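Everything below concerns the one structure shown next.
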Amino acid sequence: MARRHWLLKTEPGSFSWDDLAKARVTGWDGVRNYQARNLMRDEMNKGDLVLFYHSNADPSAAVGVARVVRKGYPEAEEPTWSQVDIAPVRKLKHPVSLERMKVTPGLEGMPLLRKGNRLSVQSVSKEEFELVLKLGNAKE
DNA sequence: GCCAACGTTGGC
DNA sequence: GCCAACGTTGGC
């Protein structure tokens with residue numbers, strides 16, 4: 001199966017990129033939304049790449065790349081919910097802010113940019129993923 | 001801190 | 001099954 005690309009939202013106050021970098025492999029548990037759960041349970045596979053996004057941040061931005069190291073599996077405590085395990089790959093040289101993504105041609109289709117979208121696990125296309133990485137590695 | 005958008009709950 | 005009330009998310 002082709003490698004897929006995702007965006008995971010997190011509030012840096014509860015779990016930030018630095019926390020992930022320190023923890024190395026991290027169980028992405030505690031997600032309590034059915035749509036997000038179904039994506040993790042049914043769609044996310046080992047080797048998939050993840051844009052790590054800080055929401056409710058200053059500024060809200062994609063800050064790093066992570067990788068799925070274990071595909072969806074039930075949470076130990078509450079098996080109706082699912083989790084994946086992720087590990088950091090690398091930090092972006094420059095955070096790519098929400099504002100920047102909004103004005104970048106080619107990213108209009110990202111679920112993140114849809115008004116009112118609160119989903120914490122989102123699918124992004126390969127093209128979108130690579131474009132964000134490009135923005136994150138080149139200076140303005 | 002505000003509030004729009006969305007998801008969930010529970011009475012009926 | 002409908003929908004009002006409530007809670008949460010997250011940009012601003």
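Every chain is numbered from 1 and lettered A, B, ... according to where its sequence line falls, protein lines coming before strand lines. Keep in mind it's a predicted model, so treat the numbers as computed, not measured.
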Legend entry - Per A:Lys115 side chain, nearest of listed nucleotides B:dA4, B:dG7, C:dG11: B:dA4

Legend entry - A:Asn45 side chain to A:Asp48 backbone, donor-acceptor under 3.5 Å: no

Legend entry - Whole-Å distance separating the CZ atom of A:Arg114 from the P atom of B:dG7: 10 Å

Inset, instruction - For the pair A:Arg41 and A:Glu75, find out whether any cationic side-chain nitrogen is under 4.0 Å from an anionic carboxylate oxygen. - result: no

Legend entry - Phosphate-side-chain proximity, A:Lys9 and C:dG10, N/O vs OP1/OP2 below 4.0 Å: yes

Legend entry - Whole-Å distance separating the OH atom of A:Tyr53 from the P atom of C:dG10: 9 Å

Inset, instruction - Determine, stepwise, if the pair A:Tyr73 / A:Trp81 fulfils ring-ring contact (aromatic ring centres under 6.0 Å, His included). - result: CA-CA 8 Å; A:Tyr73 64 101; A:Trp81 297 106; over 10 Å; no

Inset, instruction - Look at the side chain of A:Tyr34 and decide which nucleotide, out of B:dC6, B:dT8, C:dG11, has an atom nearest to it. - result: B:dT8

Inset, instruction - Would you mind reading off the distance between A:Asn33 atom CG and B:dT9 atom P, rounded to a whole angstrom? - result: 11 Å

Inset, instruction - Can you tell me the distance, in whole Å, between the CD atom of A:Glu11 and the P atom of C:dT8? - result: 12 Å

Legend entry - Atom-to-atom span, CZ of A:Arg32 to P of B:dT9 - whole angstrom: 12 Å

Inset, instruction - Return the 5'-most residue of the pair A:Gln35, A:Asn56 with respect to DNA chain B, ranking by each residue's nearest nucleotide. - result: A:Asn56

Inset, instruction - Could you check how far CG of A:Asn117 sits from P of B:dA4, rounded to whole Å? - result: 18 Å

Legend entry - Proximity to the side chain of A:Ser55 - top-ranked nucleotide from C:dC12, C:dG11, B:dC6: C:dG11

Legend entry - Gap between atoms CG and C1', on A:Leu119 and C:dT8 respectively (whole Å): 14 Å

Inset, instruction - Whole angstrom is fine here: how far is it from CG in A:Leu7 over to P in C:dG10? - result: 11 Å

Inset, instruction - Answer yes or no: is there an ion pair linking A:Lys134 with A:Glu130, defined by an N-O contact shorter than 4.0 Å? - result: no

